[in-house]
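The structure appears below as structure tokens.
Predicted model, so just to flag it, every value in this text is computed and none were measured. Lettering of chains follows the sequences in order, A, B, ..., and the numbering in each one begins at 1.
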Protein chains: 2
Amino acid sequence: MDIRIAADTAARTPGRPREFEIEQALDKAIIVFSAKGYHGTSISDLKEAMGLTAGSLYKAFKDKKAIFLASFDRYKQVRNAVLDAELQKAVDGRDKVLRMLRVYSDASLGEAGRRGCLVVGTAVELAAYDTEAAERVQASMSRTEDLLQALVRQGQADGSIRSSMDAADMARLLLSVVYGLRVIGKTGPTPEHASSIVDAAMKLLD
Amino acid sequence: MDIRIAADTAARTPGRPREFEIEQALDKAIIVFSAKGYHGTSISDLKEAMGLTAGSLYKAFKDKKAIFLASFDRYKQVRNAVLDAELQKAVDGRDKVLRMLRVYSDASLGEAGRRGCLVVGTAVELAAYDTEAAERVQASMSRTEDLLQALVRQGQADGSIRSSMDAADMARLLLSVVYGLRVIGKTGPTPEHASSIVDAAMKLLD
DNA sequence: CCTATTCGGAAACGATCGTTTCCTATTAGG
DNA sequence: CCTAATAGGAAACGATCGTTTCCGAATAGG
């Protein structure tokens, strides 16, 4: 069985092999889509940013929409990895919430902040009339809300977060705060500005 | 002097008079721009929504960008009027904050919520590379933040809001909450969902 | 009444959009 | 070594984009 698996992983697809890494190309696409939005990004923009010709693009992806959705999925994967790594450093529930807020507030600063969040961007630009985009946004938002709620519950269980407020309500408010941070980040707040929002939000946990 | 003013207001411009009201047309444009964004809205979309031909559009506005900016300004004017009317009903500072949050939360529900906020949409889609759009977004956000801060200070002065937290910090957090509400509204939260966010935010004032 | 000016509307403009085609290059398998 | 299959790349596709032009209709001022 090991042999068969080894053979499978070693197996190459027939024909000329691709000369670029899909994920690296998507990382470039994410930057363009985040800054200019879906409709504001042309295939020419993507060709330049990803260093590919139209032929290679359309062999790797069905159409522009597929490039966008793949970028969205890759974005979620990368951001979730950053978040998970940060959460592992936390000592209790309250610390986890704090670190999560800081991940969002850091992402809202400077160049990355002006570039923006692909989830927020997709929600604002596409969710109203594109079902596929709306589903991914909805799933992403639910996931983030659920995570926040779990962190709050953990903090309430370990005593680091007050239990006098419903965890679900607290999570929804914090969800609103993090997306708001991403919106405010588009016009470039100062680090002090962003961290004051995080600090104020944390007072809710007392 | 009264006579001169009356003559001025009565003065008509030469040539054939315009057959539509600019502000009514802009109200239609706002709906389209909010739902589909700037780049997602074509001149054909605007023609259909506003009930105009390209000729009339380009005689009333320099170009597509000018239509958008005029829509943005009109949107701000309309929303500010709604907000001001609501604030006048309030009995104290805390009540003003509550009513302001409710104005945003109401706007985030149902069809209007899915359509979205033109300020948030412009921030997300255009602010990163369009200076003119970024300036208006920045001005709008600052104005909203300043208003929130003034309301909080008023509440702290009349004793309806706790003074143990800095008004500027509180205002920034609430600013983040209202923009977050608008983002969440794009995927259609339930009224209970939205009002639970408002209720949770109000607990910050205790 | 005549002239100047603006509007409404249809048609047409070049530019750019997203996408496809076609040819060559490069690989795997028999 | 030959065949099948895929990738890279340039050129070209029809469609749609934002915008302009042109013409008849409607108004104000002299």
Sugar-phosphate, base or nothing in reach of [X], heavy atoms under 4.0 Å:
{"X": "B:Phe20", "value": "sugar-phosphate"}
{"X": "A:Thr53", "value": "base"}
{"X": "B:Ala60", "value": "nothing"}

Can you tell me if B:Lys64 touches the phosphate of D:dG18, counting only side-chain N or O atoms and a distance under 4.0 Å to OP1 or OP2? yes
Would you please confirm or rule out a distance under 4.0 Å between OP1 or OP2 of D:dT20 and any side-chain N or O of B:Tyr58? no
I'd like to know if A:Arg16 reaches the base of C:dA25 with its side chain, counting only an N/O donor and acceptor under 3.5 Å. yes
Taking atom types as modelled, find out whether [X] and [Y] have a side-chain donor-acceptor pair closer than 3.5 angstrom.
{"X": "A:Gln138", "Y": "A:Ser142", "answer": "yes"}
{"X": "A:Ser196", "Y": "B:Arg172", "answer": "yes"}
{"X": "B:Ser140", "Y": "B:Lys76", "answer": "yes"}

Using whole Å, report how far [atom1] of [X] lies from [atom2] of [N].
{"X": "B:Phe61", "N": "D:dT20", "atom1": "CZ", "atom2": "P", "result": "15 Å"}
{"X": "B:Asp45", "N": "D:dT19", "atom1": "CG", "atom2": "C1'", "result": "16 Å"}
{"X": "B:Lys47", "N": "C:dA11", "atom1": "NZ", "atom2": "C1'", "result": "10 Å"}
{"X": "A:Asp63", "N": "D:dG14", "atom1": "CG", "atom2": "P", "result": "21 Å"}
{"X": "A:Met50", "N": "D:dA7", "atom1": "CE", "atom2": "C1'", "result": "15 Å"}

Mind checking whether B:Tyr129 and B:His39 have parallel, tilted or perpendicular rings, split at 30° and 60°? parallel
Closest to the 5' end of DNA chain C, once A:Glu19 and A:Ile43 are matched to their nearest nucleotides, is A:Ile43
Want to settle it: does A:Lys65 or B:Leu57 sit nearer the 5' end of DNA chain C, counting the closest nucleotide to each? B:Leu57
Listed nucleotide nearest any side-chain atom of B:Ser42, set C:dA11, D:dC17, D:dG8: D:dC17
Answer yes or no: is there an ion pair linking A:Arg18 with A:Glu21, defined by an N-O contact shorter than 4.0 Å? no
Comparing nearest nucleotides in DNA chain D, the 5'-proximal residue of the pair B:Lys59, A:Leu52 is A:Leu52
